[in-house]
Amino acid sequence: MYEICAQAVGIAAMAFNILSFQMKTPGKVMLCQLIGSLLFAVNFFMLDAIVGAIMNLIGVIRAVIYLKKDRFRADHILWLVGFTLLYIVSYVLTFTVLGSEFTARNAILEVLPVIGMLATTISYRLQSAKSIRAYGLVSSPAWLIYNIANVAIGAIICEVLSLGSIVLGIWRYDRKRNGENA
């Protein structure tokens, strides 16, 4: 029953993330993504996927910062530096304080959400949809592998759909047509 509840929370998180792309205003997009990140944090904690949970909690903070970007001056480089440091510290704490066993497999697996979050955070600073899609080709596969390893069904579906959407967007908007960028 616990496993079913954990997966249900992940599916709800996926629904909020997918729903976010249907919102009309940037604020509503970020709010849905904030709720999705919060639910994914709960999902990953329930699945004992600690780095994924911590990364999503940081994602909640990041969403609040970018939701109120003018108030917090979210475009300042110090936010990128600060979030990067949070990701790295969280990764290190996983093996020191939180007691995950440090093996080659765990070291690689647990760094994937860090890579995904860093790519997404960088993409939030960029003004071009093309660049955001390009960084999505780093973030989504990293998260997808992590989600598969942790059997996070909602998160797996979410990343598969995200990857499909990114590839479609690249095909529609970013590929070269007749020697020119579309």
Side-chain angles (χ1 to χ4, degrees), residues 1-67 83 86-121 123-124 135-168:
M1 187 65 173
Y2 183 82
E3 177 73 20
I4 292 170
C5 288
Q7 297 299 347
V9 170
I11 290 169
M14 173 203 65
F16 274 99
N17 279 8
I18 291 170
L19 181 66
S20 74
F21 297 114
Q22 301 306 311
M23 295 294 137
K24 288 184 180 181
T25 65
K28 289 182 180 178
V29 169
M30 291 304 295
L31 182 61
C32 281
Q33 289 186 357
L34 184 151
I35 294 168
S37 290
L38 187 59
L39 290 172
F40 271 132
V42 172
N43 172 241
F44 283 123
F45 270 124
M46 292 177 78
L47 295 174
D48 202 30
I50 303 303
V51 169
I54 293 170
M55 292 299 119
N56 274 282
L57 287 176
I58 295 170
V60 169
I61 296 166
R62 182 185 66 193
V64 168
I65 299 300
Y66 284 98
L67 186 62
F83 284 122
L86 275 174
Y87 303 145
I88 293 168
V89 167
S90 298
Y91 177 77
V92 170
L93 289 176
T94 299
F95 297 109
T96 55
V97 175
L98 300 174
S100 288
E101 183 181 4
F102 187 82
T103 63
R105 178 190 182 278
N106 283 350
I108 293 167
L109 184 64
E110 303 295 351
V111 80
L112 292 173
V114 174
I115 292 167
M117 291 298 281
L118 183 56
T120 301
T121 303
S123 80
Y124 280 5
Y135 278 95
L137 286 177
V138 174
S139 179
S140 279
W143 273 106
L144 181 59
I145 294 166
Y146 183 81
N147 298 338
I148 291 169
N150 287 288
V151 193
I153 295 167
I156 292 168
I157 296 168
C158 190
E159 291 307 331
V160 167
L161 293 173
S162 293
L163 272 170
S165 181
I166 290 165
V167 169
L168 180 61

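Here, residue 1 is the first one in the sequence, and each next residue gets the next number.
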* Asked: CD1 of I58 to OG1 of T121: how many Å apart, nearest 0.5 Å?
  -> 9.0 Å
* Asked: Distance from Q33 atom CD to M23 atom CE, nearest 0.5 Å?
  -> 10.5 Å
* Heavy-atom closest pair, residues C158 and M14 -> CB-CG, 3.6 Å
* **Stepwise side chain to side chain contact (heavy atoms under 4.5 Å, CB included) check, V97 with V92** => CA-CA 8 Å; V97 175; V92 170; over 6 Å; no
* Any chance the rings of Y124 and Y135 have centres within less than 6.0 Å? -> no
* Please examine the side chains of L47 and Q7, heavy atoms only from C-beta on, and report whether any two atoms are closer than 4.5 Å. => yes
* Got a second to check how far M46's CE is from I4's CD1, nearest 0.5 Å? -> 11.0 Å
* To do: For the residue pair L34 and F16, establish whether any side-chain heavy-atom pair is separated by less than 4.5 Å.
  => no
* Asked: Any side-chain heavy atom of N147 sitting closer than 4.5 Å to one from F44?
  -> yes
* Asked: Are any side-chain N or O atoms of S139 and backbone N or O atoms of G136, one a donor and one an acceptor, separated by less than 3.5 Å?
  -> no
* **E159 (side chain) donor-acceptor with W143 (main chain) under 3.5 angstrom** => no
* To do: Applying side-chain hydrogen bond (donor to acceptor under 3.5 Å, both in side chains), run through T94 and E110 and close with a yes or a no.
  => CA-CA 8 Å; T94 299; E110 303 295 351; 5.7 Å; no
* Full working for side-chain hydrogen bond (donor to acceptor under 3.5 Å, both in side chains) between S140 and S162 -> CA-CA 7 Å; S140 279; S162 293; 4.6 Å; no
* Would you say L137 and I166 make side-chain contact, with heavy atoms under 4.5 Å? -> yes
* Between the side chain of N43 and the main-chain N/O of V9, is any donor-acceptor distance below 3.5 Å? -> no
* Asked: Side chains of S90 and V51: does their closest heavy-atom pair fall under 4.5 Å?
  -> no
* Does the pair V29 and Y66 meet the rule for a side chain to side chain contact (heavy atoms under 4.5 Å, CB included), with working shown? -> CA-CA 11 Å; V29 169; Y66 284 98; over 6 Å; no
* Structure fact -> Here the pair of heavy atoms bringing Y146 nearest to G52 is OH-N, 2.9 Å
* Output, in order, the C-alpha distance, side-chain angles, deciding distance and verdict of side chain to side chain contact (heavy atoms under 4.5 Å, CB included) for R62 and T120. => CA-CA 10 Å; R62 182 185 66 193; T120 301; 3.6 Å; yes
* Asked: Counting only N and O atoms by type, is there a donor-acceptor contact under 3.5 Å from the side chain of S165 to the main-chain atoms of L161?
  -> no
* Return the minimal non-hydrogen interatomic distance between G27 and L67, and the atom names on each side. => O-CD1, 3.2 Å
* **N17 vs F40 side-chain heavy atoms within contact, under 4.5 Å** => yes
* Asked: Is the Y91 ring parallel, tilted or perpendicular to the F95 ring (thresholds 30°, 60°)?
  -> perpendicular
* Structure fact -> Heavy atoms of L144 and I156 approach each other most closely as CD1-O, 3.8 Å
* Asked: Heavy atoms, side chains only, cut-off 4.5 Å: are I35 and L39 in contact?
  -> yes
* Nearest 0.5 Å, what's the CG-CG distance between L31 and L19? -> 10.0 Å
* Check for a donor-acceptor pair, side chain of N106 on one end and backbone N or O of F102 on the other, with a separation under 3.5 Å. => no
* Could you grab the distance from atom CE of M55 to atom CG of L112, nearest 0.5 Å is fine? => 11.5 Å
* Asked: Roughly how far apart are L93 CG and T96 OG1, rounded to 0.5 Å?
  -> 4.5 Å
